[in-house]
2 protein chains.
Amino acid sequence: MVQYVSPPLDLSFAALSDATRRGIIDQLGRGNASITSLADKFQMTLTGMKKHVQVLERAGLVVTQKVGRVRTCKLGERGLKAEAEWIEAHRKLFEARFEALDEIISEMRQEGRDD
Amino acid sequence: MVQYVSPPLDLSFAALSDATRRGIIDQLGRGNASITSLADKFQMTLTGMKKHVQVLERAGLVVTQKVGRVRTCKLGERGLKAEAEWIEAHRKLFEARFEALDEIISEMRQEGRDD
DNA sequence: ATAACACTGAACTAAATGGTTCAGTATGTA
DNA sequence: TACATACTGAACCATTTAGTTCAGTGTTAT
(Lines give C-alpha, C1' and ligand atoms only; values in the text may rest on other atoms or scores of the structure.)
Protein backbone atom coordinates (compact mmCIF):
# COMPACT_ATOMS: atom_id res chain seq x y z
CA MET A 1 0.00 0.00 0.00
CA VAL A 2 1.59 3.24 -1.19
CA GLN A 3 1.48 6.36 0.94
CA TYR A 4 0.66 9.63 -0.80
CA VAL A 5 1.64 12.86 0.90
CA SER A 6 -0.84 15.41 -0.38
CA PRO A 7 0.72 18.50 -1.83
CA PRO A 8 -0.42 21.54 0.14
CA LEU A 9 -4.06 22.49 -0.19
CA ASP A 10 -2.83 25.74 -1.71
CA LEU A 11 -1.93 23.92 -4.89
CA SER A 12 -5.09 21.90 -5.26
CA PHE A 13 -7.52 24.68 -4.42
CA ALA A 14 -5.66 26.97 -6.81
CA ALA A 15 -5.87 24.24 -9.45
CA LEU A 16 -9.61 23.95 -8.89
CA SER A 17 -10.19 27.69 -9.10
CA ASP A 18 -10.11 27.64 -12.89
CA ALA A 19 -13.17 26.49 -14.83
CA THR A 20 -11.07 24.99 -17.63
CA ARG A 21 -9.15 22.88 -15.15
CA ARG A 22 -12.33 21.73 -13.43
CA GLY A 23 -13.55 20.82 -16.91
CA ILE A 24 -10.43 18.79 -17.55
CA ILE A 25 -11.03 16.79 -14.37
CA ASP A 26 -14.60 16.27 -15.50
CA GLN A 27 -13.39 15.04 -18.85
CA LEU A 28 -10.77 12.72 -17.40
CA GLY A 29 -13.52 11.22 -15.29
CA ARG A 30 -15.02 10.00 -18.57
CA GLY A 31 -11.75 8.50 -19.74
CA ASN A 32 -8.06 9.22 -20.15
CA ALA A 33 -7.08 11.78 -22.76
CA SER A 34 -4.09 13.16 -24.62
CA ILE A 35 -2.99 16.77 -24.42
CA THR A 36 -4.08 17.26 -28.02
CA SER A 37 -7.59 15.92 -27.49
CA LEU A 38 -8.01 18.12 -24.42
CA ALA A 39 -6.69 21.16 -26.30
CA ASP A 40 -9.27 20.48 -29.02
CA LYS A 41 -12.11 20.02 -26.57
CA PHE A 42 -11.32 23.23 -24.68
CA GLN A 43 -10.40 25.30 -27.76
CA MET A 44 -6.94 26.18 -26.69
CA THR A 45 -3.41 25.86 -28.01
CA LEU A 46 -1.44 22.73 -27.17
CA THR A 47 0.98 24.78 -25.14
CA GLY A 48 -1.83 26.38 -23.18
CA MET A 49 -3.36 23.02 -22.40
CA LYS A 50 -0.01 21.62 -21.41
CA LYS A 51 0.29 24.33 -18.78
CA HIS A 52 -3.14 23.58 -17.34
CA VAL A 53 -2.29 19.90 -17.13
CA GLN A 54 0.97 20.77 -15.39
CA VAL A 55 -0.92 22.77 -12.78
CA LEU A 56 -3.20 19.81 -12.14
CA GLU A 57 -0.21 17.50 -12.03
CA ARG A 58 1.69 19.61 -9.50
CA ALA A 59 -1.43 19.53 -7.36
CA GLY A 60 -1.44 15.75 -7.62
CA LEU A 61 -4.89 15.70 -9.16
CA VAL A 62 -3.75 14.37 -12.52
CA VAL A 63 -1.01 11.97 -13.53
CA THR A 64 0.48 11.85 -17.01
CA GLN A 65 2.60 9.38 -18.86
CA LYS A 66 4.20 9.75 -22.24
CA VAL A 67 4.26 6.77 -24.58
CA GLY A 68 5.70 7.35 -28.02
CA ARG A 69 4.70 10.83 -28.99
CA VAL A 70 1.50 11.07 -27.01
CA ARG A 71 1.19 12.07 -23.38
CA THR A 72 -1.84 10.49 -21.77
CA CYS A 73 -3.50 12.20 -18.81
CA LYS A 74 -5.54 10.45 -16.17
CA LEU A 75 -6.95 11.26 -12.76
CA GLY A 76 -4.42 11.05 -9.95
CA GLU A 77 -4.80 8.25 -7.49
CA ARG A 78 -4.73 10.52 -4.46
CA GLY A 79 -8.12 11.93 -5.44
CA LEU A 80 -9.75 14.78 -3.56
CA LYS A 81 -9.67 13.32 -0.07
CA ALA A 82 -7.68 16.05 1.67
CA GLU A 83 -9.77 18.75 0.01
CA ALA A 84 -13.03 17.05 0.93
CA GLU A 85 -11.87 16.74 4.52
CA TRP A 86 -10.97 20.41 4.82
CA ILE A 87 -14.25 21.48 3.28
CA GLU A 88 -16.33 19.14 5.42
CA ALA A 89 -14.62 20.09 8.65
CA HIS A 90 -15.16 23.75 7.94
CA ARG A 91 -18.66 23.31 6.69
CA LYS A 92 -19.48 22.12 10.19
CA LEU A 93 -17.76 25.18 11.61
CA PHE A 94 -20.01 27.40 9.53
CA GLU A 95 -23.11 25.59 10.66
CA ALA A 96 -22.08 25.56 14.31
CA ARG A 97 -21.72 29.33 14.14
CA PHE A 98 -25.25 29.84 12.91
CA GLU A 99 -26.68 27.70 15.63
CA ALA A 100 -24.77 29.54 18.34
CA LEU A 101 -26.86 31.58 20.75
CA ASP A 102 -24.70 34.70 20.65
CA GLU A 103 -25.19 34.73 16.91
CA ILE A 104 -28.93 34.92 17.30
CA ILE A 105 -28.62 37.65 19.87
CA SER A 106 -26.29 39.69 17.69
CA GLU A 107 -28.67 39.33 14.76
CA MET A 108 -31.28 40.98 16.97
CA ARG A 109 -28.95 43.93 17.52
CA GLN A 110 -28.44 44.55 13.79
CA GLU A 111 -30.52 47.72 13.74
CA GLY A 112 -27.66 50.21 14.16
CA ARG A 113 -25.65 49.15 11.11
CA ASP A 114 -24.18 51.53 8.52
CA ASP A 115 -22.58 49.30 5.90
CA MET B 1 -36.25 31.58 3.44
CA VAL B 2 -33.62 33.60 1.59
CA GLN B 3 -32.09 32.28 -1.60
CA TYR B 4 -28.33 32.63 -2.02
CA VAL B 5 -26.89 32.43 -5.50
CA SER B 6 -23.38 31.12 -5.02
CA PRO B 7 -20.69 33.18 -6.64
CA PRO B 8 -18.81 31.07 -9.16
CA LEU B 9 -16.65 28.29 -7.75
CA ASP B 10 -13.71 30.12 -9.29
CA LEU B 11 -13.94 32.75 -6.59
CA SER B 12 -14.31 30.45 -3.62
CA PHE B 13 -11.66 27.95 -4.63
CA ALA B 14 -9.29 30.83 -5.33
CA ALA B 15 -10.14 32.27 -1.92
CA LEU B 16 -9.38 28.91 -0.30
CA SER B 17 -6.07 28.52 -2.09
CA ASP B 18 -4.31 30.82 0.36
CA ALA B 19 -3.27 29.52 3.78
CA THR B 20 -3.84 32.89 5.45
CA ARG B 21 -7.40 33.01 4.16
CA ARG B 22 -8.09 29.44 5.26
CA GLY B 23 -6.72 30.53 8.64
CA ILE B 24 -9.11 33.46 8.74
CA ILE B 25 -12.04 31.13 8.15
CA ASP B 26 -10.72 28.91 10.92
CA GLN B 27 -10.49 31.90 13.21
CA LEU B 28 -13.97 33.19 12.39
CA GLY B 29 -15.24 29.73 13.25
CA ARG B 30 -14.15 30.50 16.79
CA GLY B 31 -15.91 33.85 16.85
CA ASN B 32 -16.38 37.05 14.91
CA ALA B 33 -13.39 39.36 14.61
CA SER B 34 -12.40 42.86 13.55
CA ILE B 35 -9.95 43.56 10.75
CA THR B 36 -7.44 44.80 13.32
CA SER B 37 -7.58 41.67 15.46
CA LEU B 38 -7.15 39.49 12.39
CA ALA B 39 -4.25 41.61 11.18
CA ASP B 40 -2.59 41.15 14.59
CA LYS B 41 -3.19 37.42 14.66
CA PHE B 42 -1.78 36.89 11.17
CA GLN B 43 1.06 39.41 11.48
CA MET B 44 0.09 41.56 8.59
CA THR B 45 -0.73 45.19 7.91
CA LEU B 46 -4.32 46.32 8.26
CA THR B 47 -4.46 47.04 4.55
CA GLY B 48 -3.16 43.59 3.73
CA MET B 49 -5.73 41.94 5.95
CA LYS B 50 -8.47 44.08 4.49
CA LYS B 51 -7.65 42.72 1.06
CA HIS B 52 -7.80 39.12 2.25
CA VAL B 53 -11.16 39.74 3.86
CA GLN B 54 -12.39 41.33 0.64
CA VAL B 55 -11.40 38.24 -1.31
CA LEU B 56 -13.34 36.06 1.13
CA GLU B 57 -16.26 38.45 0.97
CA ARG B 58 -16.41 38.46 -2.82
CA ALA B 59 -16.46 34.68 -2.65
CA GLY B 60 -19.38 34.89 -0.25
CA LEU B 61 -17.51 33.01 2.45
CA VAL B 62 -17.36 35.93 4.85
CA VAL B 63 -19.73 38.78 5.59
CA THR B 64 -18.67 42.04 7.17
CA GLN B 65 -20.48 44.87 8.80
CA LYS B 66 -19.11 48.16 10.00
CA VAL B 67 -20.42 49.61 13.24
CA GLY B 68 -18.79 52.80 14.42
CA ARG B 69 -15.17 52.54 13.46
CA VAL B 70 -14.83 48.78 13.60
CA ARG B 71 -15.67 46.37 10.84
CA THR B 72 -16.69 43.00 12.16
CA CYS B 73 -16.16 39.89 10.06
CA LYS B 74 -18.17 36.71 10.38
CA LEU B 75 -18.67 33.53 8.40
CA GLY B 76 -21.05 33.92 5.47
CA GLU B 77 -24.37 32.19 5.73
CA ARG B 78 -24.03 30.43 2.40
CA GLY B 79 -21.28 28.27 3.84
CA LEU B 80 -19.34 25.81 1.73
CA LYS B 81 -22.23 23.84 0.30
CA ALA B 82 -21.53 24.37 -3.41
CA GLU B 83 -17.85 23.63 -2.92
CA ALA B 84 -18.56 20.47 -0.93
CA GLU B 85 -20.93 19.32 -3.63
CA TRP B 86 -18.43 19.80 -6.42
CA ILE B 87 -15.71 18.05 -4.48
CA GLU B 88 -17.92 15.13 -3.47
CA ALA B 89 -19.30 14.59 -6.96
CA HIS B 90 -15.83 14.52 -8.39
CA ARG B 91 -14.40 12.43 -5.62
CA LYS B 92 -16.77 9.74 -6.78
CA LEU B 93 -15.57 10.24 -10.34
CA PHE B 94 -12.00 9.62 -9.22
CA GLU B 95 -12.97 6.47 -7.37
CA ALA B 96 -15.12 5.14 -10.21
CA ARG B 97 -12.13 5.47 -12.50
CA PHE B 98 -9.91 3.36 -10.29
CA GLU B 99 -12.47 0.62 -10.07
CA ALA B 100 -12.93 0.51 -13.84
CA LEU B 101 -11.73 -2.63 -15.56
CA ASP B 102 -9.86 -0.90 -18.36
CA GLU B 103 -7.89 0.94 -15.70
CA ILE B 104 -6.68 -2.31 -14.21
CA ILE B 105 -5.78 -3.62 -17.62
CA SER B 106 -3.87 -0.48 -18.55
CA GLU B 107 -1.98 -0.67 -15.26
CA MET B 108 -0.78 -4.11 -16.36
CA ARG B 109 0.56 -2.59 -19.56
CA GLN B 110 2.66 0.04 -17.75
CA GLU B 111 5.95 -1.66 -18.54
CA GLY B 112 6.80 0.28 -21.71
CA ARG B 113 6.69 3.79 -20.22
CA ASP B 114 9.33 6.50 -20.78
CA ASP B 115 8.27 9.36 -18.54
C1' DA C 1 13.37 9.47 -47.04
C1' DT C 2 9.73 12.60 -46.34
C1' DA C 3 5.96 14.37 -44.28
C1' DA C 4 2.71 14.76 -40.69
C1' DC C 5 1.88 14.52 -35.84
C1' DA C 6 2.29 15.30 -30.73
C1' DC C 7 4.53 17.48 -27.82
C1' DT C 8 8.09 20.78 -25.62
C1' DG C 9 10.51 25.06 -24.33
C1' DA C 10 11.56 29.84 -24.61
C1' DA C 11 9.91 34.25 -24.89
C1' DC C 12 6.43 37.53 -24.65
C1' DT C 13 2.02 39.74 -23.02
C1' DA C 14 -1.77 41.54 -20.09
C1' DA C 15 -3.85 41.07 -15.98
C1' DA C 16 -4.25 39.40 -11.20
C1' DT C 17 -2.18 38.44 -6.53
C1' DG C 18 -0.20 39.31 -2.14
C1' DG C 19 2.05 42.24 -0.04
C1' DT C 20 3.78 46.99 1.29
C1' DT C 21 3.74 52.34 2.55
C1' DC C 22 1.68 56.64 3.07
C1' DA C 23 -1.83 59.84 3.50
C1' DG C 24 -6.30 60.36 4.44
C1' DT C 25 -11.35 60.05 6.99
C1' DA C 26 -14.36 58.99 10.60
C1' DT C 27 -15.12 57.68 15.37
C1' DG C 28 -14.37 57.30 20.22
C1' DT C 29 -11.92 58.91 24.53
C1' DA C 30 -9.76 61.98 27.95
C1' DT D 1 -10.54 70.33 21.88
C1' DA D 2 -7.02 67.14 21.10
C1' DC D 3 -5.36 62.54 20.63
C1' DA D 4 -5.65 57.79 19.59
C1' DT D 5 -7.95 54.15 17.11
C1' DA D 6 -9.87 51.65 13.08
C1' DC D 7 -10.31 51.59 8.90
C1' DT D 8 -9.90 53.12 3.75
C1' DG D 9 -7.85 54.23 -0.75
C1' DA D 10 -4.21 55.15 -3.91
C1' DA D 11 0.04 53.88 -5.47
C1' DC D 12 3.68 50.94 -5.93
C1' DC D 13 6.24 46.43 -6.32
C1' DA D 14 7.62 41.60 -7.38
C1' DT D 15 5.67 37.41 -8.69
C1' DT D 16 2.38 34.40 -10.74
C1' DT D 17 -1.14 33.25 -14.12
C1' DA D 18 -3.34 32.31 -18.38
C1' DG D 19 -2.78 32.73 -22.48
C1' DT D 20 -0.20 33.37 -26.99
C1' DT D 21 3.49 32.53 -30.95
C1' DC D 22 7.37 30.46 -32.83
C1' DA D 23 10.92 27.34 -33.36
C1' DG D 24 12.37 23.24 -32.18
C1' DT D 25 12.63 17.56 -31.05
C1' DG D 26 11.27 13.05 -31.40
C1' DT D 27 7.75 9.50 -33.34
C1' DT D 28 4.82 7.40 -36.65
C1' DA D 29 3.01 6.74 -41.20
C1' DT D 30 3.62 6.70 -46.37
Side-chain angles (χ1 to χ4, degrees), chain A residues 7-25 27-28 31-59 61-74 109 111-115, chain B residues 7-25 27-28 31-59 61-74 109 111-115:
Chain A
L9 288 178
D10 291 47
L11 289 182
S12 42
F13 281 134
L16 296 178
S17 74
D18 182 275
T20 299
R21 283 190 298 258
R22 288 194 305 277
I24 293 168
I25 288 180
Q27 194 58 41
L28 295 181
N32 300 345
S34 67
I35 307 276
T36 298
S37 71
L38 290 171
D40 285 353
K41 195 102 54 183
F42 292 90
Q43 305 236 101
M44 178 174 302
T45 57
L46 255 189
T47 311
M49 181 51 68
K50 213 220 165 198
K51 283 191 184 180
H52 277 305
V53 168
Q54 271 170 356
V55 171
L56 290 164
E57 211 171 358
R58 270 184 234 117
L61 299 174
V62 160
V63 171
T64 73
Q65 189 199 325
K66 193 170 182 177
V67 174
R69 60 186 175 183
V70 8
R71 177 172 297 276
T72 299
C73 311
K74 58 177 184 176
R109 289 204 188 111
E111 263 77 312
R113 68 180 182 278
D114 77 334
D115 193 294
Chain B
L9 288 178
D10 291 47
L11 289 182
S12 42
F13 282 134
L16 296 178
S17 74
D18 182 276
T20 299
R21 284 189 297 259
R22 288 195 306 275
I24 293 169
I25 289 180
Q27 193 59 41
L28 295 181
N32 300 346
S34 67
I35 306 276
T36 298
S37 70
L38 290 171
D40 285 353
K41 194 102 56 183
F42 291 90
Q43 305 236 102
M44 180 175 299
T45 57
L46 254 190
T47 311
M49 180 52 67
K50 213 220 164 199
K51 283 191 185 182
H52 277 304
V53 169
Q54 271 170 357
V55 171
L56 289 164
E57 210 171 359
R58 271 184 234 118
L61 299 174
V62 160
V63 171
T64 74
Q65 190 199 326
K66 192 169 184 177
V67 174
R69 59 185 174 181
V70 8
R71 177 172 296 277
T72 299
C73 311
K74 59 176 183 176
R109 289 204 189 111
E111 262 78 311
R113 66 182 183 277
D114 76 334
D115 194 294

For this session: Find the distance B:Phe13:CZ to D:dT17:P and express it as a whole number of Å.
Result: 17 Å
Exercise. Roughly, in whole Å, what's the span from CG in A:Leu11 to P in D:dT17?
Worked result: 9 Å
Problem set entry | For B:Asp10 against A:Ala19, the heavy-atom pair lying closest together | OD2-N, 3.8 Å
For this session: Over all heavy atoms of both residues, which pair between A:Ser37 and A:Ala33 is shortest? Give the atoms and the distance, please.
Result: OG-CB, 3.5 Å
Exercise. To the nearest Å, how far apart are A:Met49 CE and D:dT17 P?
Worked result: 17 Å
For this session: Specify the separation, in whole Å, of atom CG of A:Asp10 and atom C1' of D:dT16.
Result: 13 Å
Exercise. Any idea which heavy atoms bring B:Leu28 and B:Cys73 closest together, and the distance?
Worked result: CD2-O, 3.5 Å
Seminar exercise, completed: Between the CG atom in B:Leu38 and the OG1 atom in B:Thr72, the distance rounded to the nearest 0.5 Å is 10.0 Å
Seminar exercise, completed: Smallest heavy-atom separation, A:Leu56 atom then A:Ala15 atom, equals CD2-CB, 4.1 Å
Seminar exercise, completed: Closest of C:dT8, C:dA6, D:dT20 to the A:Arg69 side chain is C:dA6
Problem set entry | Passing option when B:Val53 is tested against B:Met49, B:Lys50, B:Lys51 for side-chain contact (heavy atoms from CB on, under 4.5 Å) | B:Met49
Exercise. Looking at A:Thr20 and A:Met44, what are the two nearest heavy atoms and their distance?
Worked result: CG2-CE, 4.1 Å
Exercise. Taking the side chain as C-beta and beyond, is there a heavy-atom pair between A:Leu9 and B:Leu16 under 4.5 Å?
Worked result: no
Exercise. Starting at CZ of A:Arg71 and ending at C1' of C:dG9, how long is that distance when rounded to a whole Å?
Worked result: 13 Å
Problem set entry | For atom NZ of A:Lys50 and atom P of D:dT17, their distance in whole Å | 16 Å
Seminar exercise, completed: Closest heavy-atom pair, A:His52 versus A:Asp18, reported as atoms and distance to 0.1 Å, is CE1-OD1, 3.7 Å
Problem set entry | Distance below 4.0 Å between A:Lys66 side-chain N/O and C:dT8 OP1 or OP2 | yes
Exercise. Starting at NZ of A:Lys51 and ending at P of D:dT17, how long is that distance when rounded to a whole Å?
Worked result: 10 Å
For this session: Send over the distance from B:Leu56 CG to C:dG18 C1', rounded to a whole Å.
Result: 13 Å
For this session: Mind listing the residues from residues 18-25 of chain A sitting with a heavy atom below 4.0 Å of DNA chain D? Number order is fine.
Result: A:Asp18, A:Arg21
For this session: Using a 4.0 Å heavy-atom cut-off across all strands, classify A:Leu46 as base, sugar-phosphate, or nothing.
Result: base
Between protein and nucleotides 21-23 of chain C, what N or O pairs are separated by less than 3.5 Å?
unit_1: C:dT21; atom_1: O4; unit_2: B:Thr47; atom_2: OG1; d: 3.4

